[in-house]
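Structure first, commentary second.
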Amino acid sequence: MPEKKIRVLIAKPGLDGHDRGAKIIARALRDAGMEVIYTGLRQTPEMIASAAVQEDVDVIGLSILSGAHNTICPQLMNLLREKGMQDVTVLVGGIIPEADIPAMKKSGIAEIFLPGTSTQNIVEFIHKRLAR
Amino acid sequence: MSEKVKGTTTTVTTGDAPAAPREPSPEERAWEENTLRPTLEKSPERQSEFTTISGYPIRRLYTPADLPGWDPNRELGFPGEPPYTRGIHSTMHRGRLWTMRQFAGFGTAEDTNERFRYLLAQGQTGLSTAFDLPTLMGYDSDHPLSEGEVGKCGVAVSSLADMEVLFDKIPLASVTTSMTINSPAAVIWAMYLAVAEKQGADWKKLSGTLQNDILKEYIAQKEYIYPPEPSMRLVIDTFEFAAKNTPKFNPISVSGYHIREAGSTAIQELAFTLRDGMEYVEYGMRRGLDVDQFVPQLSFFFNAHNDFFEEIAKYRAARRIWHKAMVERYGSKNPRSWALRFHTQTAGCSLTAQQPYNNVVRTALQAMAAVLGGTQSLHTNSLDEAWALPTEFAATIALRTQQIIAHETGVTNTADPLGGSYFVETLTNEVERGAWDYIEKIDAMGGMVAAIERSYPQREIAEASYKYQVAVDKKEKIIVGVNEYAAEEKPLDILQIDETVAHRQAERLSKLRADRSQSEVDRRLNALRKAAQTKDNLMPHLFDAVKSYATVGEICDALREVFGTYEEVAIT
């Protein structure tokens, strides 16, 4: 039996269109053997949660650079709980002030990757997390 | 006229010539034999290949052998004369320094007005406005999709009332203002013109720049609302209106900055930007505008990235390409159309969140490249911008960096100080040639709108961006403080924008809607809708609408009803 591929949803919530990071991560995870679905731009938390259910993903990666994380993340985490998706690993990458990180982790976000993170670190994190 | 539009370039002197085989002089050969070879045998070089940050290969040494047939009179000329390699003014920065124009905007219009007046008091010579994401996307601050985004990445402007506060006590007749807005650019410009009118400023004397470059939004920054054709129509409406009413205002800033930030190479930035510029010229001509009437009002905007000489070569090549295109493709007779004027911003994407004080150094070097490349205006990034919008402290250092370059380094004492350098001249030729290759590829696709529709530039940029990331991950490219020389550090004090801005904006909007004449707003929005269905220039209708205090969201919605909206094919 071949090992089941890790399924990842890369999403770009909010109004921001700067998608360089999201696209790099999508490609790096795909090159690392994962199944990656990229939502495209301007996804609401509802759209992201529904896509996560529909695509039955193991991981959701959010790219947020605009400062809207404190609005978007709690909404998404609530929706995931409502949909029974609390086991999905949620990662955030982007520009997140360090002061906001503890509250985000408390809300169930598994990890926050700041600018300068290497793509290998993210791949390794996902492998370790899903091996638990 | 319209058959001329799809011009071809047949006589690219430096661009088309196949790279001639390098034939070193006997003296150079002797040096290779007697001096170089023994050195390499004893101690090989640090790397097997040296490349620019764009991955472009750089040779060990440049000599006259790299410039066969190079004629300084043809390739360089003199400052202020074609082909403008040495700059567009005869005295360059000896005559007038570049405009120090720091991009600023956050929170409400009051917050940003205060920052504007602070920056002017510190010796800044022009204004540059950053709008928040809802404004850039044509939503009011109280729209559900604006939640969490109000005042965060720029200033929130939902109506003329906000614009009046934004420019309060700033004399628009004498301060030049740049506004970074694209899809709703015509709307925001109408508001700006209305504020100027209220201040009693003569439109004919107004000077400033509207970014208004929708093509690079589809290519790179992705802040689009409408499909390409109606978007281009709005852009050409502003060209036509500006040519008649605001002869000193630049209705567009054709921007490579965002293309580079999205991960392109220097050559891609140059090629896509100039091909965008050509696309606007062709659309303007198709409208029936006279090239030499509207093209002098087009301005450009480039990135200043880390690779010093590659950037300088890029600016020099840009001027040469534009001159050639204007003369050979579009038959321009007016030297004011030939001279490419540009703003520069140091590379935001080069800033590191780690060890942020190092960003002061990066920015200074990038700014130096822009100055040596002959920029007309410059924004220098602040050290904290990998984290947030800048604090006043950080923004002041960024402005001081420009003042130090201008007044202390001596680089402004002569025009094009690097002209004649074997390396810089060779690189300028090669960057130019690389850009023409792309431009001709896009011509063959039927132009930039057609290329965008098949995701060509988007794919090229994504490819380059991924390649660079792989090189950084493998440490083939070193970023100080990130993949080498990392250290533990304390978090920086950064500017935080909270949700009180959104609440203040929401209150202001509900008061505005209660105080204005709704029937007048409806009447003018209807007139706009009707005009949008014709081929009329929409600027007068937009001007009418904003003066009734119709909001950005209402106006953009009216146009959404007629034009529809655009969604890209997401590529990864």
Side-chain angles (χ1 to χ4, degrees), chain A residues 8 10-32 36-47 61 63-76 94-101 113-123, chain B residues 132-134 136-137 139 144-153 217 220-224 258 261-263 349 351-354 385-389 458 461-463 465-466 468-470 472-475 479 481-483 486 490-492 494-499 502 567-572:
Chain A
V8 185
I10 297 294
K12 183 87 187 126
L15 295 178
D16 178 35
H18 290 85
D19 56 3
R20 177 176 181 174
K23 282 167 142 176
I24 284 177
I25 299 304
R27 183 145 169 204
L29 299 185
R30 202 172 285 148
D31 284 357
V36 179
I37 301 112
Y38 173 51
T39 61
L41 299 172
R42 310 212 163 84
Q43 302 292 301
T44 61
E46 288 77 14
M47 290 155 92
S63 169
I64 311 176
L65 318 176
S66 69
H69 51 278
N70 287 334
T71 305
I72 291 162
C73 295
Q75 288 179 6
L76 177 68
I95 301 177
I96 309 292
E98 283 174 326
D100 293 346
I101 292 176
F113 295 104
L114 296 178
T117 305
S118 83
T119 57
Q120 290 103 307
N121 282 358
I122 299 170
V123 170
Chain B
D132 71 358
L133 277 165
L136 294 173
M137 291 303 298
Y139 296 118
L145 289 177
S146 303
E147 199 190 347
E149 316 259 25
V150 178
K152 294 274 170 72
C153 293
E217 295 298 332
Q221 192 174 233
K222 314 288 174 76
E223 282 151 12
Y224 41 70
H258 319 80
E261 292 289 298
C349 64
L351 301 179
T352 62
Q354 296 77 8
E385 289 191 76
W387 285 108
L389 298 190
Q458 297 94 310
I461 295 167
E463 205 56 45
S465 143
Y466 192 63
Y468 176 70
Q469 183 63 40
V470 169
V472 169
D473 285 351
K474 286 187 185 159
K475 293 198 186 186
I479 304 175
V482 176
N483 65 358
K490 281 193 303 208
L492 201 65
I494 57 170
L495 183 77
Q496 299 252 34
I497 315 282
D498 61 27
E499 296 307 316
E567 237 177 281
E568 71 166 6
V569 182
I571 51 157
T572 55

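Per chain, numbering begins at 1; letters A, B, ... match sequence-line order.
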Could you go through S66(A) and E149(B), starting from their C-alpha distance and side-chain angles, then the distance that decides it, and tell me whether this counts as side-chain hydrogen bond (donor to acceptor under 3.5 Å, both in side chains)?
CA-CA 7 Å; S66(A) 69; E149(B) 316 259 25; 2.9 Å; yes
Whatever's closer than 4.5 Å to a heavy atom in chain A on P144(B) counts as neither
Rounding to 0.5 Å, atoms NZ (K23(A)) and CD (Q458(B)) come to a distance of 7.0 Å
Smallest heavy-atom separation, H18(A) atom then Q221(B) atom, equals NE2-OE1, 3.3 Å
Residues P97(A) and I494(B): closest non-hydrogen pair is CB-CD1, 3.7 Å
Bottom line for I96(A): the part with an atom under 4.5 Å from chain B's heavy atoms is backbone
| query | Checking E147(B) side chain against I72(A) main chain: does a donor-acceptor pair fall under 3.5 Å? | reply | no
- Message: Would you say that I24(A) contacts S465(B) through its side chain, given a criterion of any heavy-atom pair below 4.5 Å between the two side chains?
- Response: yes
Applying a strict 4.5 Å limit to non-hydrogen atoms, the region of T117(A) in contact with chain B is backbone
When the 4.5 angstrom heavy-atom criterion is applied to D19(A) and chain B, the contacting part is side chain
**Asked** W387(B) versus E98(A): any side-chain heavy-atom pair under 4.5 Å?
**Response** yes
When every non-hydrogen atom of T71(A) is compared with those of G148(B), the smallest separation belongs to OG1-CA, 3.2 Å
If one checks every heavy atom of L114(A) against chain B at 4.5 Å, the contacting part turns out to be side chain
If one checks every heavy atom of E568(B) against chain A at 4.5 Å, the contacting part turns out to be side chain
When every non-hydrogen atom of P115(A) is compared with those of Q354(B), the smallest separation belongs to O-NE2, 2.8 Å
Where do Y224(B) and L41(A) land on the side chain to side chain contact (heavy atoms under 4.5 Å, CB included) test, with the steps shown first? CA-CA 11 Å; Y224(B) 41 70; L41(A) 299 172; 3.6 Å; yes
Answer key: most heavy-atom pairs under 4.5 Å with chain A among T352(B), I497(B), L133(B) is L133(B)
One should read off an interatomic distance between I95(A) CD1 and E385(B) CD, to the nearest 0.5 angstrom, of 10.0 Å
Max heavy-atom pairs within cutoff under 4.5 Å with chain A, candidates A486(B), A262(B), A386(B), goes to A262(B)
When the 4.5 angstrom heavy-atom criterion is applied to I571(B) and chain A, the contacting part is both
The interface call for D16(A) against chain B, heavy-atom contacts under 4.5 Å, is both
When rounded to the nearest 0.5 Å, the distance separating NZ of K222(B) from CZ of R20(A) is 12.5 Å
Evaluate the side-chain proximity of V472(B) to S118(A): yes if any heavy-atom separation is below 4.5 Å, no if none is. no
Closest heavy-atom pair, L15(A) versus S146(B), reported as atoms and distance to 0.1 Å, is CD1-CA, 4.4 Å
Residue pair N70(A) / E499(B), side-chain heavy-atom distance below 4.5 Å: no
Salt bridge check, R27(A) against E463(B): does any charged N sit closer than 4.0 Å to a carboxylate O? yes
Of G21(A), A99(A), A28(A), G40(A), the largest count of non-hydrogen pairs under 4.5 angstrom with chain B goes to A28(A)
